[in-house]
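Lettering of chains follows the sequences in order, A, B, ..., and the numbering in each one begins at 1.
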Protein chains: 2
Amino acid sequence: MADLSIDVVAKAAGVHRSTVSRAFSRPEAVKSETREHILRVAEGLGYTMSPLAQALRRKTSTFVPLIVPDITNPFFAELAKTMTQAADDRGYQLLLCVTNGDPAKTEGYFTAMQAMYAPFGIVAPSTKVDTDALKRFDFGHKVVVIDRVEDDASVPTVTVDSRRGITLALEHLRSLGHTSIGYVSGISGTHTAQDRMDAYLELSSEGNSTPLVLDSGSDPDAGARAAKHYLEMENPPTAIIAANDMVAFAVVSALGQSGIRVPEDVSVMGFDGLALGARFNPPLTTVRQPIADMGNIAIELAEKQNLNGSVDHVVLEPELLVRASTSGPRK
Amino acid sequence: MADLSIDVVAKAAGVHRSTVSRAFSRPEAVKSETREHILRVAEGLGYTMSPLAQALRRKTSTFVPLIVPDITNPFFAELAKTMTQAADDRGYQLLLCVTNGDPAKTEGYFTAMQAMYAPFGIVAPSTKVDTDALKRFDFGHKVVVIDRVEDDASVPTVTVDSRRGITLALEHLRSLGHTSIGYVSGISGTHTAQDRMDAYLELSSEGNSTPLVLDSGSDPDAGARAAKHYLEMENPPTAIIAANDMVAFAVVSALGQSGIRVPEDVSVMGFDGLALGARFNPPLTTVRQPIADMGNIAIELAEKQNLNGSVDHVVLEPELLVRASTSGPRK
DNA sequence: GCTCAGTTTGAGATCGATTGCTGAGATCGG
DNA sequence: CCGATCTCAGCAATCGATCTCAAACTGAGC
């Protein structure tokens, strides 16, 4: 498999390389016989165009970076999975960029994506997105954020309705008979995390029950601390809402280590709807985010923006997913 | 931030573009004063070289594809995470490629990596790797496989010692007093999966206990089926080894749904050592694979091979990780 | 002051594509 | 049968870098 350039194909097909180029990228500009002949020859040689050379010349590529803080977090993994597919379907190639929450790395990826002529990028942040930083890179108009942003003006976003999600969770738990419902935050400072917490605080007191935040840290140990806190309480809540599934796992695990059983002793809910939750012990009741939709819509928004400059903010509906980690309160 | 080409920097620094090029990529070939001046100017302009143009001209890039079947599987996610880091440290950029087990997609990624002048690629397979297919792409000598391969000759590999891992698991369980130890496979047809199973079969009978395979399927439901099988047995085993952590999760979950408690009623072990296992309920006892090492070594092997053509096969040592899903057998 | 070796920089071709421009045939009405 | 219009393919410049070759400069030695 020797070096296969456009010139090789051109020679083999007996035409000029510009014709080969057109045969591929502007079919209507070349007589269909010629086109088919070229395509056949190319096929026979096993030729595909160099995305590098193409991007260099066109000053636009099909590389779409997805910037996530931690691929080990199943939420981002699921997002990455569905987005890979979505990107593929539209002829893009998704580049996974993992920042480990390091803003410097994030900037690095931004300059890289610029250098690669990426048509746009998707950011799933671990902290509130710094819109100014985006602007500084001259593509505030080329990024879609999977979180809410402060300064709504310029950056398209897709999120799920946090308030609605918390409402769903609260309703589910109340319908089961719970009146004392705790909350553990445990995810870092995104707007989404903030919104969920705020919604809990507000909706919880509306329902006449006093909010009860077991932990509001943002590290992986939040679950363990929440459990410890729970054990030390005189009147612990009969149900707990975790800000996301991972935290819920940690809470249940830590509780279990101290002999507290879920849902017999206390009900626990998550928020995310990870596939993993179905194989947890017990299978986790949760609020499902439409992750696949988020991925698709993020790309659509980006394309739309590239086309006509429109900046949309899509808010998706979450959905209650009842599995086995919740039940009526123990009396 | 206008278009920043090497020529712009050259003009700004008052030198020819070849000098700028050298200042960056062959420091010793340019007088250090000039070099520093150029670097300063470039810095001031915020210039970075185009990886595209560079790759095109050099016919080699720093893009390293990591081909995995499913990023949603935490094992691959952890691998991706550590490899991203390892790649970064060595000046490579990892491109995550997800195949969903589709061989056509795998081939697609191969041609893509060729087109991008990737110096090498890493493959974490979902099925036995087809070495012939690799050869067909003229870079049997540019891929490292994270699994054993049939035809050892040509492709470097890194794996962990399956037999040793199973030994560790068996010893742990036996030291706890278990004599009847079941196995559930549940991962697809890699050599690794095969090796673990074979090791179990062999080592299990050596210990005078008869092997007891609860399920050998390869789909996500293997865990549930194994649990069902367990429940139907007259003399179920007192301990179960799962071929990997994910399957272990599923087994414990399914068992739990039927009121069987781990480790009180039955001990369950995993194989992988996922971070997630520490937050399972109960925290999972498992055989840890040195995932970070695997990533680093994979890249080292690739580099070494690129350098001097050597094809190594590294076999790493697994390690017992005792958490809370195992205990003495119930009497 | 001159030669010669060694450093350092500049010129220009090149990697694999795209694209505006130009010219060669084909088509068509009169 | 002729010129106008339209298709279609070739030419050559270009994207942003690298690299070989040669020119210019440096300094040592005589």
(request) For Met49(B) and dG16(D), give me the distance from atom CE to atom P, rounded to whole Å. (result) 14 Å

(message) In whole Å, I'd like the distance from the CZ atom of Arg58(A) to the P atom of dA13(D).
(response) 22 Å

(request) Please identify each residue that fulfils salt bridge (Lys or Arg N to Asp or Glu O under 4.0 Å) with Lys105(B), with sequence neighbours left out. (result) none

(message) Five pairs per end, C1' atoms only: what is the angle between the end axes of the helix from dG1(C)-dC30(D) to dG30(C)-dC1(D), to 10 degrees?
(response) 50°

Could you give the side-chain donor-acceptor pairs of residues 39-49 of chain A under 3.5 Å, partners two or more places apart or in another chain?
none

(message) With a cut-off of less than 4.0 Å, is there a side-chain N or O of Gln54(B) near OP1 or OP2 of dT18(D)?
(response) yes

(request) Using a heavy-atom cut-off of under 4.0 Å over every strand shown, decide if Phe24(B) touches base, sugar-phosphate, or nothing. (result) nothing

(message) Test of understanding: with salt bridge (Lys or Arg N to Asp or Glu O under 4.0 Å), list the residues that count as partners of Asp88(A), not counting sequence neighbours.
(response) none

(message) Using side chain to side chain donor-acceptor pair (under 3.5 Å), reason through Asp89(B) and Gln85(B) one step at a time and then give a plain yes or no.
(response) CA-CA 6 Å; Asp89(B) 292 345; Gln85(B) 187 57 46; 2.9 Å; yes

(message) In whole Å, I'd like the distance from the CZ atom of Arg26(A) to the P atom of dT19(C).
(response) 6 Å

(request) To the nearest Å, give me how far apart CD (Glu33(A)) and C1' (dT7(D)) are. (result) 13 Å

(request) Could you tell me the separation between the CG atom of Leu56(B) and the P atom of dT14(D), rounded to a whole number of Å? (result) 17 Å

(message) Taking Pro119(B)'s backbone N and O only, do any of them form a donor-acceptor pair with Asn306(B)'s side chain (distance below 3.5 Å, no angle check)?
(response) yes

Would you list the atom pairs, donor with acceptor, under 3.5 Å between side chains in residues 50-59 of chain B and any protein atom, with sequence neighbours excluded?
{"from": "Ser50(B)", "atom 1": "OG", "to": "Leu52(B)", "atom 2": "N", "distance (Å)": "3.3"}
{"from": "Ser50(B)", "atom 1": "OG", "to": "Ala53(B)", "atom 2": "N", "distance (Å)": "3.1"}
{"from": "Lys59(B)", "atom 1": "NZ", "to": "Asp3(A)", "atom 2": "OD2", "distance (Å)": "2.9"}

(request) Whole angstrom is fine here: how far is it from CE in Met116(B) over to C1' in dA17(C)? (result) 15 Å

(request) Could you pull out all residues at least two apart from Phe120(A) that satisfy ring pair (Phe, Tyr, Trp, His ring centres under 6.0 Å)? (result) Tyr92(A)

(message) What contact category does Tyr117(B) fall into here, base, sugar-phosphate, or nothing, at under 4.0 angstrom with non-hydrogen atoms?
(response) sugar-phosphate

(message) Using a 4.0 Å heavy-atom cut-off to protein, can you give one letter per nucleotide of nucleotides 7-14 of chain C, 5' to 3': B if the base is in contact, S if only the sugar-phosphate is, - if neither?
(response) -SBBBBBB

(request) Return the value, rounded to whole Å, for the distance between atom CG of Asp7(A) and atom C1' of dG16(C). (result) 8 Å

(message) On the nucleotide dG16(D), are OP1 or OP2 found under 4.0 Å from the side-chain N or O atoms that Lys59(A) carries?
(response) yes

(request) With sequence neighbours excluded, tell me which residues meet salt bridge (Lys or Arg N to Asp or Glu O under 4.0 Å) with Glu78(A). (result) none

Throw together a table of side-chain donor-acceptor distances under 3.5 angstrom for residues 18-33 of chain A, partners on residues two or more places apart or in other chains.
{"from": "Ser18(A)", "atom 1": "OG", "to": "His16(A)", "atom 2": "ND1", "distance (Å)": "2.5"}
{"from": "Ser25(A)", "atom 1": "OG", "to": "Ser21(A)", "atom 2": "O", "distance (Å)": "2.9"}

